[in-house]
Chemist: 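First, the structure itself, so that you have it in front of you.
Sequence lines set the chain letters: A, B, ... in the order given, protein chains first and strands last, and positions in each chain run from 1.
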Amino acid sequence: MEVLGVAIATILLFVLYGGMVGVVFGFFGMGSFLVTPALIVMGYDSRVVVGSGLAFVFGTAVIGTLRHRDFGQVDYRLGVVLIAGTVFGIEIGKRAVLLLEAVGVASLVVASTYVVLLSAIGAFVVLEARGTPMGRRVPVPSWLNRPRERLWSLWPRMDLREGETVSALVVFGVAVIAGVLSGFLGVGGGFLRMPALTYLFGMSLPVAVGTNIFAVMFSGAFGSFTWAQVGGVDLSVVVPLLVGSAMGARIGSALTRLVDDDEMKLHFGSLLIAAAVAVAARQTGELLGIGPLRTVSLAVLVAAATVVSGLVVYSGVTALRARPSDRAARAD
Amino acid sequence: MFGIATLSPPFHGAAVVGIVLAEALVLYVGYGGLTRIAGPELEDAIRDR
């Protein structure tokens, strides 16, 4: 049975997967990176993988921005510079994918970049969660202070909402790099912008999150527009994913009040590594002509997302049950 | 899907952005209302079990 030419089973799979991605996104603040590997292992064309990933990021960012707007957690001036840089970077990333596609290696390069990036971030999160020395924050060496100050004083300078004065050129440069990754991999680029906003520019976490998601909304819209023009956005993928993720994100963000995210870091890191393994298995299967590896990679990815989102929900429900009911409190 | 495949590239791109934006707004309003109505009841039900 089909709806608008798409099998209902496929639509339900995307809604369910979107729900799990939403729970992870709402709880950990990032998770759109799980969409691209899923589309890769499902065998979608590289331009559809990247374009649909960006359209999903756009829809998620619209909902996120609407939720942040009332709290005044957006530095609009910084946001505009981030948007300009990211849009510029997305165009570079898109051209790189199209160039690689013409040579016939786009899928391999996009998937390989994903494997390296997810493995590296996943390993870092797992090591940090286990408390190894790698996870400890290393102080900036004193010999780096002078070049850092010179970089910060580059013209033109701009005042941030929270009082810091930074170089607009450096902000633009960071945004361009995030944009290239965004246009190349079909992700929001928050995993790069967020550390830059908090560690490099000294912003508080709530304003960094609000500003980042505001920028992602515009860059996501531009990315969707530009990729859709070359047939890169498959709405039969994006629409059901958003239906699931919008609800999942509400559940995930509500659970942050109940569950300590430090307890969940190890699971989050494992999820990143599982996603890398899934993409690597899929690519190995393609290169060596081993068909069953495609099924294995999809199973690994769906199982990992199910386990981690399930653990988050289970921990939240357990924590909620441990609290007295408002109704019971009122009765007392 | 959605009958926009025949549009010229710029209009196709704009239509895709419009559809995703409209869906996001509908989901934000719809799920927001659902959460306000059913959220407290669900929370109490989980706590009371």
Side-chain angles (χ1 to χ4, degrees), chain A residues 3-6 22 51-52 54-67 217 220-240 242-251 254 258 316-330, chain B:
Chain A
V3 175
L4 293 168
V6 186
S52 302
L54 272 173
F56 173 73
V57 164
F58 166 53
T60 310
V62 169
I63 297 169
T65 303
L66 285 168
R67 298 188 72 183
M217 184 175 69
F222 175 78
S224 308
F225 176 72
T226 190
W227 274 109
Q229 292 187 67
V230 291
V233 179
D234 188 339
L235 287 172
S236 68
V237 171
V238 179
V239 170
L242 262 182
V243 168
S245 76
M247 179 48 89
R250 278 186 181 272
I251 295 169
L258 299 166
V317 169
T318 308
L320 195 61
R321 280 183 183 164
R323 291 183 174 192
S325 161
D326 289 344
R327 199 178 283 163
R330 281 195 297 272
Chain B
M1 199 180 186
F2 297 104
I4 59 169
T6 52
L7 295 174
S8 63
F11 286 104
H12 180 76
V16 165
V17 171
I19 288 169
V20 175
L21 178 65
E23 186 193 2
L25 293 174
V26 168
L27 291 173
Y28 175 74
V29 174
Y31 284 159
L34 190 68
T35 308
R36 267 192 299 278
I37 294 165
E41 288 297 319
L42 182 67
E43 210 169 290
D44 278 346
I46 292 171
R47 279 174 170 169
D48 291 342
R49 276 192 68 182

Chemist: Do A:Leu66 and B:Leu25 make a side-chain contact, defined as non-hydrogen atoms from C-beta onward lying under 4.5 Å apart?
Modeler: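 Answer yes - side chains close enough.
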Chemist: Just give me the residue among A:Val243, A:Val233, A:Val238 that pairs up with chain B most often, heavy atom to heavy atom, under 4.5 Å.
Modeler: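 Answer, by heavy-atom pair count under 4.5 Å with chain B: A:Val243.
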Chemist: Of the non-hydrogen atoms in A:Ala55 and B:Val20, which two are nearest, and what is the gap between them?
Modeler: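 Of all heavy-atom pairs spanning A:Ala55 and B:Val20, the closest is O-CG1, 3.6 Å.
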Chemist: Search all heavy atoms of B:Thr35 against all heavy atoms of A:Arg250 and return the closest pair with its distance.
Modeler: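 Taking every non-hydrogen atom into account, OG1-CD, 3.5 Å.
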Chemist: Would you give the length of the straight line joining atom CD1 of B:Ile19 to atom CG of A:Leu242, rounded to the nearest 0.5 angstrom?
Modeler: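 These two atoms lie 12.0 Å from each other.
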Chemist: Is it the backbone or the side chain of B:Leu34 that comes under 4.5 Å from a heavy atom of chain A, or both, or neither?
Modeler: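 Side chain only.
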Chemist: Of all residues at least two apart in sequence or in a different chain, which pass the side-chain contact (heavy atoms from CB on, under 4.5 Å) check with A:Val317?
Modeler: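 Result, side-chain contact (heavy atoms from CB on, under 4.5 Å) vs A:Val317: A:Val313, A:Arg321, B:Ile46.
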Chemist: What's the separation between atom CD in B:Glu43 and atom CG in A:Leu258, rounded to the nearest 0.5 Å?
Modeler: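 The CG atom of A:Leu258 is 7.0 Å from CD of B:Glu43, to the nearest 0.5 Å.
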Chemist: Check whether any side-chain heavy atom of A:Phe58 sits under 4.5 Å from a side-chain heavy atom of B:Val17, and report yes or no.
Modeler: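 Yes, close enough: below the 4.5 Å cut-off.
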Chemist: What is the minimum heavy-atom distance between B:Ala24 and A:Gly59, and which atoms define it?
Modeler: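 Heavy-atom minimum between the residues: CB-O, 3.7 Å.
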Chemist: Using the test side-chain contact (heavy atoms from CB on, under 4.5 Å), find all partners of A:Ala246 that sit at least two apart in sequence or belong to another chain.
Modeler: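 Applying side-chain contact (heavy atoms from CB on, under 4.5 Å) to A:Ala246 gives A:Ile63, B:Leu27, B:Tyr31.
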